Amino acid sequence: VEAGADVLANGGTAADAMIAVQTVLGLVEPQSSGLGGGAFLVWYDAETGTMTTLDGRETAPLAASPTLFQDENGEPLGFFDAVVGGLSVGTPGTPKLMEEAHRRWGRTNWAGLFDPAITLAENGFAVSPRMADSIAGDADRLQRFPATAEYFFPGGTALSAGDMVQNADYADTLRQIAARGADAFYTGPIAEDIVTTVRTAPGNPGVLSALDLALYDVAARDPVCVEYRVYDVCGMGPPSSGALTVGQILGMLNAYDISDPNAADTWRLIGDASRLAFADRGRYMADSDFVPMPTKGLVDPAYLATRAALLAGDDALPEVAAGTPEWDHAMIWGDDASIEFPSTSHISIVDSYGNALSMTTTIENGFGSRLFVRGFLLNNELTDFSFATHADGYPIANRVEPGKRPRSSMAPTIVMKDGAPVLVIGSPGGSRIIGYVAQAIIAHIDWGMDVQQAVADAHLVNRFGTYDVEAGIDRVTLEAPLTDLGYKVNVTDLNSGLHAIAIGDKLTGGADPRREGVAIGE
C-alpha cells in the first residue's frame, strides 16, 4: 500500500499504483497473488465517465480436456490431488493485465513502477505473521517440490514471522518485465522455465505449453450493473460470477426492508436471496466465450422480482432451485458443485484525477499449485473448473475446455450514484467473496456504517443452505433465532479481506482487520 501511495503522490494514476502494489504483494504475500496468477479489474474513468472491466483470468491450456481432473475410471480426483503440481496450472494473466491497464490509463514510466518490489526483493523483507502461519499450515505440500521447499524452508526450517527474506530471482524477473514489457514473461527464458516446471512436476505434471503463454491476451468486457436503492452496483461479468451473484442478491432485496442488522428476519432475507442467487450461479454461470449464458436475463428486474417473491414467507426456504431467466437462445445445463477455496487479495485505489480502480487478484488456493519458478508461485486456477463434466445427463457449463477461463467468485465492485463512483470495494475469500461484498455494501448503504465499520462488521454467509456465522463476533447471538427459522447454523471463522474506499466530500478508506491490509490516503 505504501508503494502504491508513493506512486499516487508523484502524479501516477490508479493504474500506475496498482502495478506497484501488485508486484510488492507478489513478493510479501506470495500465498495469495502474484505474477503466476490472474485478476479482474474494474475501472472508472473520470475524464470520460465510463466504466471498463478487464479480464486477466487464467486460461486452460490448449491440450486440456473436459476429463482433465478425472481418474482412469472417470471419477473426479480429490481436490488436493488435482491442485498440487502442474495439472492445475492455467496460463497466468496478471502480467498482461498490468501491461494493458498501464497502456490504457498509465501516466508514469512503466519501468519505474517495478522499483519498490525490486528493492524489497534484493534488500530483503520481513516475513509477516500471516505468511508465516500460512507456511506452517501447508508444510507438507510446500516441501513436495525442491525449489518451493528451498525458498519457504531454507535449511529445512520454515520461515518465521520477522525473518528477513531476499528473492533475487523475483527481482530479476521484474527487471526483465520492466525492460521488455509483458512479452518478457510470455516468451523467452521465463516462459520456457514456467512450461518446464509445469510439465515436469513430479507426480502430477501438467499440459501448459509455450504456445499457451504466447497466445494469452487480456479481454475487455462489459461491466454488469444492477440497481440497488438509488445506486448502480457494477462489477465484473463472466467468467466471474461475482457481479452477477452480488447483483442478484441485492436486486432481490430491493423490495424488502432490511434496515435492522440485528433482526433475524433481515438475515433470513439476505441468506435466502443468496441461496437463490447461488442456485443460478451453479446452473448458468461460466465463461460466456464458451457457453451461452443468460447474462442479461439473470439481472433483469422482472426476473429478479419473481425470485424476490419467493422470499415473502416467514421461515427459511425449505429448498431452492435455479430459476428460468430469459434467454437469447435456449440451453440446458447441469448443476455445478466445483470447490473454490479461499486465498486471493483485493486492491481498491482512487487517484488524484478522480479515477477509481477495484481489482481482485489471486493464485486460487493458498500457495497455488505449490510450484515455484523464477521467484514466484504458479496458480492452481484450473481447479476452479468443475471436475465432473455432466450432472443428471446435462453438460456442466463450467467444465474444462481448451482455452476456456474457469468461473470465479471474485467481485471487484464500484458502486455508482448519479453517474459517479461512491464506493470502491472487493474482497478475497473463495466463493464467500460474494457474501462478503454484498453484506458490506448493505452495511454501508442500508445500515449507515462508514467503510471501516462495514468491512469489519460480523459476517453471516449462506451459499448452499447452511448459515455460516462468524465466531467470536457479536452477531453470534443470531445462532438460535436462525436455527428457529429453519436453518442449519455453522459458527466458524470467516476470513475475509475487504478493502473499500468511500467517495464523498472526502475519501474514506476501510481495511479488513481480519487481514494485514491498511488504508492510506490524503
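This is a predicted model, so every value here is computed, not measured.
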Say you draw a straight line from CD1 of Ile19 to OG1 of Thr108; how long is it, rounded to the nearest 0.5 Å? 8.5 Å
Residue pair Arg141, Asp138: steps toward the salt bridge (Lys or Arg N to Asp or Glu O under 4.0 Å) verdict: CA-CA 6 Å; Arg141 287 185 281 265; Asp138 203 59; 2.8 Å; yes
Point-to-point distance, once rounded to the nearest 0.5 Å, from CD1 of Ile118 to OG1 of Thr173: 10.0 Å
Where do Lys96 and Glu99 land on the salt bridge (Lys or Arg N to Asp or Glu O under 4.0 Å) test, with the steps shown first? CA-CA 5 Å; Lys96 269 283 178 74; Glu99 184 176 69; 5.7 Å; no
Is the side chain of Thr245 donor-acceptor paired with the backbone N or O of Gly242 at a distance under 3.5 Å, no angle test? no
Answer yes or no on whether Arg405 is positioned over the face of Phe385, meaning its NZ or CZ is under 6.0 Å from the six-membered ring centre and within 45° of the axis. no
Strictly by side chain to side chain donor-acceptor pair (under 3.5 Å), give each pair with a member in residues 118-129 just once, sequence neighbours left out. Glu122-Arg175, Ser128-Glu516
Here the gap from Arg229 atom CZ to Leu250 atom CG, rounded to the nearest 0.5 Å, amounts to 8.5 Å
So, Arg370 and Asn380: side-chain donor and acceptor under 3.5 Å apart, yes or no? no
Contacts table for residues 413-429: side-chain donor-acceptor under 3.5 angstrom, sequence neighbours left out:
from, atom 1, to, atom 2, distance (Å)
Thr413, OG1, Ala411, O, 2.8
Ser427, OG, Gly497, N, 3.2

Evaluate whether atom CG of Asp222 has more than 12 neighbouring non-hydrogen atoms of other residues, nucleotides or ligands under 6.0 angstrom away. no
Decide yes or no on side-chain hydrogen bond (donor to acceptor under 3.5 Å, both in side chains) for Thr361 and His346, but give the supporting numbers first. CA-CA 6 Å; Thr361 173; His346 180 79; over 6 Å; no
Between Gln248 and Asp280, do the side chains contain an N or O donor and an N or O acceptor separated by less than 3.5 Å? yes
Name all residues meeting the ring-ring contact (aromatic ring centres under 6.0 Å, His included) criterion together with Tyr151; count only those two or more places apart in sequence or in a different chain, and write none if there are none. Phe372
CD1 of Ile363 to OG of Ser369, rounded to nearest 0.5 Å, is 7.5 Å
Would you kindly say whether Thr91 and Thr59 are connected by a side-chain donor-acceptor distance under 3.5 Å? yes
Under the ring pair (Phe, Tyr, Trp, His ring centres under 6.0 Å) definition, can you give me all pairs with a residue in residues 98-130, not counting sequence neighbours? Trp43-Trp105, His102-Trp110, Trp110-Phe114
Which residues share a salt bridge (charged side-chain N to carboxylate O under 4.0 Å, His left out) with Asp193, sequence neighbours left out: Arg374
Would you check if there is a donor-acceptor pair between the side chains of Asp512 and Ser496 at a distance under 3.5 Å? yes
Any carboxylate oxygen within less than 4.0 angstrom of a Lys/Arg side-chain nitrogen, looking at Asp493 and Arg514? no
Step-by-step side-chain contact (heavy atoms from CB on, under 4.5 Å) determination, Asn167 to Leu27: CA-CA 8 Å; Asn167 190 339; Leu27 176 68; 3.8 Å; yes
When you compare the side chains of Asp446 and Tyr228, does any donor N or O come within less than 3.5 Å of an acceptor on the partner? yes
Any donor-acceptor pair under 3.5 Å linking the side chain of Ser33 with the backbone of Ser345? no
Given side-chain contact (heavy atoms from CB on, under 4.5 Å), test Leu35 with Leu174 step by step and report yes or no. CA-CA 9 Å; Leu35 299 177; Leu174 293 183; 3.9 Å; yes
Indicate whether any N or O donor in one side chain lies under 3.5 Å from an N or O acceptor in the other, for Ser431 and Arg463. yes
Would Arg221 and Thr52 count as having a side-chain donor-acceptor pair, cut-off 3.5 Å? no
Are Gln176 and Asp172 linked by a side-chain donor-acceptor pair shorter than 3.5 Å? yes
Evaluate the salt bridge (Lys or Arg N to Asp or Glu O under 4.0 Å) criterion for residues Asp45 and Arg104: first the C-alpha distance (whole Å), next the side-chain angles of each, then the deciding distance (0.1 Å), finally the verdict. CA-CA 10 Å; Asp45 191 88; Arg104 287 170 176 257; over 6 Å; no
Applying ring-ring contact (aromatic ring centres under 6.0 Å, His included) to Phe376 and not counting sequence neighbours gives Phe185
